[in-house]
Asks: 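This structure is in structure tokens; I'll ask about it shortly.
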Amino acid sequence: ILVNSVPALAVRISPPDLPVPVTLANMRQPPRPDTVIYNRLAHVVGMSTRRTRCTIAAPPPNVLHVSPVACDVAKQIALLPYADVTVKSGNVVSKAMEYYLAERQNEFPGVQVQRIYITHYPMKTLAAQVLGTVGPINSTEISQPAYKGISPNEIIGQSGLEAWYDSFLRGTDGAQRVQVNSLGQPTGDLATKQPVAGHNLKLSLNARVQQVGQSALQQSISANAGAGGAFVAMNPETGSVYAMGSLPSYDPSVFTGNLSQSTYQALTNPNGGDPLLNRATQSEGPTGSTFKPITATAAMESGAWSPGETYDDTGTFSIDGQTRHNSGNAAYGVVNIVSALQVSDDNFFYNLGALTNTNNPIAHPNGGVLDQWAHAFGIGRKTGIDVAGEVTGTLPTPKWRTQRNQLEAECDNATGPFKGKPKHTPGGCGIADGTNRPWSIGDNINLGVGQGDVQVTPLQLAVVYSALANGGTIVRPHIGEDVQTENGTVLQTINPRPARHLNINPIYLETIRAGLRAAASQQGGTSAPVFSNFPEQVYGKTGTAQYINNGVERDYAWYACFVPATATSKPITVVVTVEKGGFGAVAAAPVAREILSQWFFNKPGPFQAGSSTTL
């Protein structure tokens with residue numbers, strides 16, 4: 001069990017049922033007629049009556065000096081005036097407390113004790129971003145069609161699986177959960193007098209693989225001075241996700257108490273690692289050489305290159321007056337697609353990027369064959385996973401470049417959506433890299449090696465490699481397996497159909513697979529030092545993506561691999577990324593090996609770092 005709902009008691013106040021209904025206006029104007037009730041209740045539930053600073057979400061003056069109970073009431077009515085306020089819940093509310101308040105209703109008008117459910121996270125930080133958070137419905141959400149007719153006291157899913165499957169998990173007959181921290185301090189409210197727990201959601205997650213993935217990723221982040229990272233492990237045939245992790249993580253129970261503004265800011269601060277961010281679905285960027293199988297597919301399917309065709313890599317690649325070279329200035333000599341994937345020959349794929357470019361960007365605004373195949377694989381498109389908040393990413397095309405130029409011009413000149421804002425010198429907004437620069441062959445060359453403006457999430461890359469493993473099917477990843485009643489009766493099976501199937505020539509597909517297999521197993525392969533002695537047939541590709549943050553270039557480590565159904569009865573795809581972790585073979589591939597070790601052999605094995613310094 002990763003998340004459960006535990007029955008409990010809660011003490012609540014109904015502001016409209018107090019002797020003088022509470023409003024923000026009368027809370028700001030002492031003496032307050034409800035003060036006696038608040039203080040009397042505070043003594044019963046063990047809270048202070050001392051007046052302290054209370055900041056509420058309302059127009060100024062938005063700071064009150066009131067007791068903790070009064071502060072809880074003020075915060076609630078500032079958001080939803082007719083919602084109830086939970087003062088205490090959980091183990092700290094005893095049966096004796098319930099009886100005491102019930103027998104003295106004349107002394108506590110507007111105060112009730114009711115049975116509720118609270119949210120509990122037995123495994124703390126494990127898969128926190130995937131599971132998501134719950135919280136009180138707000139004034140914006142309550143007006144949305146999805147929540148039509150809902151009680152203003154409701155607790156709803158706010159992120160992750162909790163948000164996606166909210167209608168199942170929230171409960172039947174209007175039941176809801178109230179979250180509490182270890183001290184029994186609540187932040188939610190009650191919805192019904194007779195709450196009924198929501199349905200159960202069975203997940204595809206393997207808790208042990210999830211644990212090993214997070215542990216190995218943390219080890220790599222620490223060893224390589226990384227800033228964070230993510231991993232995805234999934235079934236390439238069905239799309240079932242076995243593990244999905246993002247670091248740094250957090251304990252979701254912080255949302256079950258009175259979450260302070262400072263704590264929330266720490267959880268969303270990029271300088272602190274932005275722990276709330278699900279880097280597997282919400283972090284996007286260049287993937288480096290892990291993109292190369294897409295380029296190889298586009299080149300062969302378009303006829304720009306053939307499986308047996310060779311290229312003489314002399315160490316440099318020059319076009320349009322620009323010279324590029326391999327990492328470490330390596331020269332690999334005569335290579336074909338298989339050997340180029342094996343050693344990750346950038347010059348070879350620079351050439352394929354040039355060959356797959358459109359010569360007429362105006363006539364072909366969506367780009368050439370490389371853009372077309374990248375789009376088909378899912379780059380720049382949401383995967384449709386059942387976790388709220390997934391981002392789209394970016395697939396750069398001539399049309400995209402034109403749109404960026406237009407937006408840059410509007411920002412520079414303070415027109416369009418930027419009207420009324422300061423003007424900038426040409427290119428000063430930084431939306432486009434230059435002023436009105438058209439699409440060039442260099443854009444496609446960069447795309448060919450997973451660099452430049454392309455923005456991909458780890459999950460999108462996992463879907464790409466799953467298609468390479470399964471023969472071209474773009475699966476729809478999912479974590480929910482089925483919805484069950486409390487007694488285990490399956491109400492709904494979750495098995496989404498694939499998004500589409502790509503008709504890739506089997507010969508071309510096998511050529512790419514041969515290159516990925518050689519990269520992980522043969523001498524000279526970029527991840528061979530990590531996987532050459534691995535008992536299962538791993539097909540993998542390292543990637544070292546160059547990111548520029550605030551003008552400083554840093555290397556982000558990537559690794560993508562699979563063990564296909566043709567080689568095992570337990571097929572799996574794994575993608576790992578380590579932010580600012582350096583080379584993919586050094587920082588990302590070892591994490592993938594530990595995940596695969598746990599999956600196949602029920603133990604993570606040693607952390608085996610690679611040594612390749614190719615991009």
Side-chain angles (χ1 to χ4, degrees), residues 130 204-206 209 213 230-245 280-281 287 290-298 341 373-387 390 393 450 456-481 494-504 506 508-517 519-520 527 536-543 558-577 588-589 591-592 595-596 599-600:
V130 174
S204 59
L205 295 181
N206 181 305
V209 173
F231 63 88
V232 177
M234 60 185 285
N235 186 321
E237 302 289 322
T238 68
S240 294
V241 176
Y242 299 135
M244 178 185 288
T281 62
T287 66
T290 58
F291 194 92
K292 289 174 179 176
I294 299 176
T295 307
T297 303
L341 285 170
W373 274 97
H375 178 75
F377 270 108
I379 305 303
R381 307 166 75 172
K382 291 184 179 180
T383 68
I385 190 171
D386 49 352
V387 175
E390 181 185 17
V456 184
T457 69
L459 180 62
Q460 287 172 330
L461 192 63
V463 170
V464 170
Y465 274 71
S466 291
L468 298 174
N470 65 34
T473 298
I474 303 299
V475 295
R476 197 174 299 278
H478 60 99
I479 298 176
E481 289 284 286
I494 302 165
N495 186 24
R497 299 181 63 178
R500 56 196 169 277
H501 183 80
L502 310 184
N503 293 316
I504 305 174
Y508 302 159
L509 195 56
E510 283 307 314
T511 299
I512 293 170
R513 286 175 176 167
L516 296 177
R517 180 68 184 131
S527 60
E536 298 289 339
Q537 293 182 25
V538 177
Y539 297 69
K541 185 73 196 73
T542 56
W558 287 80
Y559 192 70
C561 65
F562 58 83
V563 179
T566 54
T568 178
S569 60
K570 299 171 60 178
I572 187 171
T573 297
V574 176
V575 169
V576 177
T577 182
V591 178
I595 292 172
L596 292 177
W599 176 248
F600 286 111

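Worth knowing before you read on, the calculation uses all heavy atoms, side chains too, and leaves out hydrogens, waters and symmetry mates. It should be emphasised that the depicted structure is a prediction, and the values quoted were computed from it without experimental measurement.
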Asks: Going by heavy atoms in the side chains, are Pro477 and Val232 under 4.5 Å from each other?
Replies: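 Result no, sub-4.5 Å side-chain heavy-atom pair not found.
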
Asks: Can you tell me how far the CD1 atom of Ile512 sits from the OG1 atom of Thr295, to the nearest 0.5 Å?
Replies: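 Here the rounded value is 9.5 Å.
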
Asks: Nearest 0.5 Å please: distance from the CD1 atom of Ile504 over to the OG1 atom of Thr297.
Replies: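 Output value for this atom pair is 5.0 Å.
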
Asks: Which atom pair, heavy atoms only, marks the closest approach of Thr457 to Ala280?
Replies: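 Heavy-atom minimum between the residues: CB-O, 3.7 Å.
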
Asks: OH of Tyr559 to CG of Leu461: how many Å apart, nearest 0.5 Å?
Replies: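 Here the rounded value is 12.0 Å.
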
Asks: Tell me the closest heavy-atom pair linking Thr577 and Pro458, and the distance in Å.
Replies: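 Heavy atoms of Thr577 and Pro458 come nearest at CG2-CG, 3.8 Å.
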
Asks: Rounded to the nearest 0.5 Å, what separation is found between the NE2 atom of His478 and the OG atom of Ser204?
Replies: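 Those atoms lie 6.5 Å apart.
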
Asks: Can you name the side chain to side chain contact (heavy atoms under 4.5 Å, CB included) partners of Thr566, sequence neighbours left out?
Replies: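 Counting only residues at least two positions away or on another chain, Thr566 forms a side chain to side chain contact (heavy atoms under 4.5 Å, CB included) with Pro564.
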
Asks: Side chains of Val464 and Ile379: does their closest heavy-atom pair fall under 4.5 Å?
Replies: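 Contact flag for Val464/Ile379 side chains = yes.
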
Asks: Of the non-hydrogen atoms in Val538 and Cys561, which two are nearest, and what is the gap between them?
Replies: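 Residues Val538 and Cys561, closest heavy atoms: CG1-CB, 3.9 Å.
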
Asks: Excluding sequence neighbours, so at least two apart, what forms salt bridge (charged side-chain N to carboxylate O under 4.0 Å, His left out) with Glu510?
Replies: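 With sequence neighbours excluded, Glu510 shows a salt bridge (charged side-chain N to carboxylate O under 4.0 Å, His left out) to Arg513, given in chain and number order.
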
Asks: Checking side chain to side chain donor-acceptor pair (under 3.5 Å) between Thr383 and each of Glu390, Gln460, Arg476, which is the one that passes?
Replies: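 The side chain to side chain donor-acceptor pair (under 3.5 Å) with Thr383 is passed solely by Glu390 among Glu390, Gln460, Arg476.
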
Asks: Could you check if a side-chain atom of Phe377 sits within less than 4.5 angstrom of a side-chain atom of Leu502, using non-hydrogen atoms only?
Replies: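 A side-chain contact under 4.5 Å exists here.
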
Asks: State whether the side chain of Arg500 and the backbone N or O of Ala376 hold a donor-acceptor pair below 3.5 Å, judged by distance alone.
Replies: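 Yes, Arg500 side chain to Ala376 backbone: donor-acceptor pair under 3.5 Å.
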
Asks: Is a side-chain donor or acceptor of Tyr539 paired with a backbone partner of Tyr465 at a separation under 3.5 angstrom?
Replies: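 Pair absent, no side-chain N/O of Tyr539 close to backbone of Tyr465.
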
Asks: Applying ring pair (Phe, Tyr, Trp, His ring centres under 6.0 Å), name anything that partners Tyr242, two or more places apart in sequence or on another chain.
Replies: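 Listed in chain order: Trp599.
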
Asks: Using every non-hydrogen atom in the two residues, find where Gly213 and Ile595 come nearest and quote the distance to one decimal.
Replies: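 Of all heavy-atom pairs spanning Gly213 and Ile595, the closest is CA-CG1, 3.8 Å.
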
Asks: Could you give the distance from CE (Met234) to CZ (Phe562), rounded to the nearest 0.5 Å?
Replies: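 Result: 13.0 Å between the selected atoms.
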
Asks: Please name all residues satisfying side chain to side chain contact (heavy atoms under 4.5 Å, CB included) with Val387, sequence neighbours left out, ordered by chain then number.
Replies: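 Scan of Val387 (side chain to side chain contact (heavy atoms under 4.5 Å, CB included), adjacent residues dropped) gives Val130, Leu161, Asn278, Ile385, Ile479.
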
Asks: If you compare all heavy atoms of Phe291 against all heavy atoms of Ala374, which two are closest, and at what distance to 0.1 Å?
Replies: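 That would be CZ-CB, 4.0 Å.
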
Asks: Would you say the side-chain atoms of Ser527 pair up with the backbone N or O of Ala519, donor to acceptor, closer than 3.5 Å?
Replies: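 Such a contact is found between Ser527 side chain and Ala519 backbone.
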
Asks: Please tabulate, one pair per line, all N/O donor-acceptor pairs under 3.5 Å involving side-chain atoms of residues 466-475, not counting sequence neighbours.
Replies:
unit_1, atom_1, unit_2, atom_2, d
Ser466, OG, Ala462, O, 2.9
Ser466, OG, Thr573, OG1, 3.1
Asn470, OD1, Gly472, N, 3.0
Asn470, OD1, Thr473, N, 2.7
Asn470, ND2, Pro236, O, 2.7
Asn470, ND2, Ser466, O, 3.0
Asn470, ND2, Thr473, O, 3.0
Thr473, OG1, His501, ND1, 2.8

Asks: Can you list the residues that meet the side-chain hydrogen bond (donor to acceptor under 3.5 Å, both in side chains) rule with Arg381, with sequence neighbours excluded?
Replies: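 Testing Arg381 for side-chain hydrogen bond (donor to acceptor under 3.5 Å, both in side chains), a comparison that skips the adjacent residues, returns His375.
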
Asks: What's the shortest heavy-atom distance between Pro293 and Leu516, and which atoms?
Replies: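 That would be CG-CD2, 4.1 Å.
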
Asks: Would you compute the distance between atom OG1 of Thr542 and atom NZ of Lys292 and round it to the nearest 0.5 angstrom?
Replies: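 If I round to the nearest 0.5 Å, the distance is 7.5 Å.
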
